Peer 1: 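What follows is a single structure, and I will ask about it in a moment.
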Amino acid sequence: MIDSYRQMEIRDGAMAKGLDILITAAEIQKKVEGLAGRIGKDYQGKNLVVVGVLKGSFVFMADLIRQIPLPLACDFLRVASYDQDRSTGIVRMEFDMTQPVAGKDVLLVEDIVDSGRTLTHLLKHLEEKKPASLRVCSLLFKEVGSGVRDKIDYLGFTVPNRYVVGFGLDSEGLYRSLPYVAALR
Ligand code: IMP
């Protein structure tokens, strides 16, 4: 009962903020557990380096790595292509990883793949560093017919073609701390 009151409070709070909740905190946690389990099995005995794309992936990555039952290293890089919630079409590397990944098994962690431009750019960039393997885990994939779905090895959820926020994703710097994923109205 307390849980369902809490759910109502969260939903009503979201509506007041002009958000439609698409994926609840509980659904995300269940999915993260499942993804971490698969990754744990697939990377047994490997030299796993989890690379997060800042800033959007930091919440997802923090939850994910804590459920992967393997020794692993973390690194980050930062790219920017959005300006005030709109894609500029140009992917700019703001900073790169700090450790070499040659010969290591790299898992790139994204918050959302939309047009796929960022992902395509990052895969090319990482391949040049000669990792032993390179795979992609993304919390979200936006249905825009970009044709890059097959580049995502571990996917959380597919979302409709709306601007989404929460669980690390922002709109002009806000909403990253929401425990759910919601669409802006
Ligand atoms: P892409 O290059 O169009 O695939 O966009 C990828 C990046 O744009 C993501 O890593 C996000 O940072 C940002 N992005 C794209 N769509 C959204 C959205 O709906 N909400 C928040 N950020 C988004």
Side-chain angles (χ1 to χ4, degrees), residues 10-11 13-25 27-28 31-32 35 39 49-65 74-98 101 106-129 134-185:
I10 291 172
R11 193 202 55 215
M15 287 192 348
K17 289 185 192 120
L19 303 175
D20 295 323
I21 295 183
L22 300 181
I23 311 164
T24 65
E27 287 168 333
I28 296 173
K31 184 68 76 173
V32 168
L35 289 173
I39 293 166
V49 183
V50 182
V51 177
V53 185
L54 294 173
K55 298 177 189 172
S57 75
F58 82 99
V59 177
F60 174 46
M61 179 159 154
D63 280 7
L64 185 72
I65 56 166
C74 296
D75 211 331
F76 296 93
L77 44 75
R78 173 154 161 77
V79 288
S81 63
Y82 268 57
D83 186 26
Q84 296 195 336
D85 300 354
R86 278 175 202 280
S87 174
T88 59
I90 301 159
V91 183
R92 197 175 71 248
M93 174 78 59
E94 294 202 328
F95 62 78
D96 203 351
M97 298 149 53
T98 55
V101 289
V106 172
L107 180 64
L108 184 68
V109 177
E110 265 280 21
D111 53 351
I112 185 165
V113 177
D114 186 341
S115 70
R117 243 181 253 121
T118 306
L119 182 60
T120 305
H121 181 92
L122 285 176
L123 287 175
K124 192 164 164 276
H125 175 76
L126 285 167
E127 266 154 16
E128 283 165 9
K129 295 178 187 283
L134 176 56
R135 285 188 183 172
V136 176
C137 176
S138 182
L139 175 67
L140 305 173
F141 174 66
K142 210 184 273 188
E143 277 176 331
V144 282
S146 62
V148 292
R149 168 65 189 89
D150 59 343
K151 291 187 180 159
I152 307 172
D153 302 282
Y154 305 94
L155 174 63
F157 304 91
T158 298
V159 289
N161 193 10
R162 295 176 67 183
Y163 196 84
V164 294
V165 296
F167 210 73
L169 291 102
D170 78 309
S171 170
E172 298 188 25
L174 297 176
Y175 303 107
R176 291 194 199 276
S177 58
L178 296 176
Y180 48 78
V181 171
L184 288 184
R185 269 193 224 131

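Predicted model only: the values in this text are computed from it and were never measured. One-based numbering, in listed order, for ligands and for the atoms of each.
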Peer 1: Considering only heavy atoms, does L169 approach ligand 1 within less than 4.0 Å through its side chain, its backbone, both, or neither?
Peer 2: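 Just the side chain.
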Peer 1: Under 4.0 Å from a heavy atom of S115: which atoms of ligand 1 are those, numbered in the order shown and with their elements?
Peer 2: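 In order of number, 1 (P), 2 (O), 3 (O), 4 (O).
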Peer 1: Judged by atom type as modelled, is there a donor-acceptor pair below 3.5 Å linking the side chain of K142 to the main-chain atoms of V113?
Peer 2: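 The answer is no, because no donor-acceptor pair under 3.5 Å joins these two groups.
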Peer 1: Report, one line per pair, each donor and acceptor closer than 3.5 Å where one atom sits in a side chain of residues 152-161; sequence neighbours left out.
Peer 2:
from: D153; atom 1: OD2; to: V136; atom 2: N; distance (Å): 2.8
from: Y154; atom 1: OH; to: D42; atom 2: OD2; distance (Å): 2.6
from: Y154; atom 1: OH; to: R135; atom 2: NH1; distance (Å): 2.8

Peer 1: When you measure from the heavy atoms of K55 to every atom of ligand 1, does any distance fall below 4.0 Å?
Peer 2: no
Peer 1: Assess V164 for proximity to ligand 1: is some non-hydrogen atom of it under 4.0 Å away?
Peer 2: yes
Peer 1: Look at ligand 1 and say whether G56 reaches it with a heavy atom at a distance under 4.0 Å.
Peer 2: no
Peer 1: Look at ligand 1 and say whether K142 reaches it with a heavy atom at a distance under 4.0 Å.
Peer 2: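 Yes; K142 lies near enough to ligand 1 that a heavy-atom distance drops under 4.0 Å.
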Peer 1: Quick one: which ligand 1 atoms are inside 4.0 Å of a heavy atom on Y163?
Peer 2: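 Heavy-atom distances to Y163 below 4.0 Å select 17 (C), 18 (C), 19 (O), 20 (N), 21 (C), 22 (N).
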Peer 1: Is it true that a side-chain atom of D170 and a backbone atom of Y175 form a donor plus acceptor pair closer than 3.5 Å?
Peer 2: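 Between the backbone of Y175 and the side chain of D170 there is no qualifying donor-acceptor contact (under 3.5 Å).
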Peer 1: State the atoms of ligand 1, each with its element, that fall below the 4.0 Å cut-off from a heavy-atom position in R117.
Peer 2: 2 (O), 4 (O)
Peer 1: Out of the candidates V109, V50, L54, only one should pair with F76 under the side chain to side chain contact (heavy atoms under 4.5 Å, CB included) rule; please name it.
Peer 2: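 So the option named by the test is L54.
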Peer 1: I'd like to know if D170 contacts ligand 1, where contact means a heavy-atom distance under 4.0 Å to any ligand atom.
Peer 2: yes
Peer 1: How many angstroms lie between atom OH of Y163 and atom CD1 of I112, to the nearest 0.5 angstrom?
Peer 2: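 Those atoms lie 8.5 Å apart.
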Peer 1: Using modelled atom types and a 3.5 Å cut-off, is there a donor and acceptor pairing between side-chain atoms of T24 and backbone atoms of E27?
Peer 2: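 At least one qualifying donor-acceptor pair exists.
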Peer 1: Where's the contact between V53 and ligand 1, heavy-atom distance under 4.0 Å: side chain, backbone, both or neither?
Peer 2: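 Neither part.
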Peer 1: To the nearest 0.5 Å, how far apart are CG in L108 and CG in D75?
Peer 2: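 Answer for the CG-CG pair, L108 versus D75, is 11.0 Å.
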Peer 1: I'd like to check which ligand 1 atoms, numbered from 1 as shown, lie under 4.0 Å from a non-hydrogen atom of R162.
Peer 2: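 Heavy-atom distances to R162 below 4.0 Å select 19 (O).
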Peer 1: So L19 and L178, do their side chains get closer than 4.5 Å, heavy atoms only?
Peer 2: yes
Peer 1: With a 4.0 Å cut-off on heavy atoms, does V165 reach ligand 1?
Peer 2: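 Distance cut 4.0 Å: V165 fails for ligand 1.
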Peer 1: Would one find an N or O of G116, backbone or side chain, under 3.5 Å from an N or O of ligand 1?
Peer 2: yes
Peer 1: Taking 4.0 angstrom as the limit and counting only heavy atoms of D111, give me the atoms of ligand 1 inside it, by number and element.
Peer 2: 9 (C), 10 (O), 11 (C), 12 (O)
Peer 1: Do you know the tightest heavy-atom contact between I10 and Y180?
Peer 2: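 Taking I10 first and Y180 second, the nearest heavy atoms are CG2-CE2, 3.3 Å.
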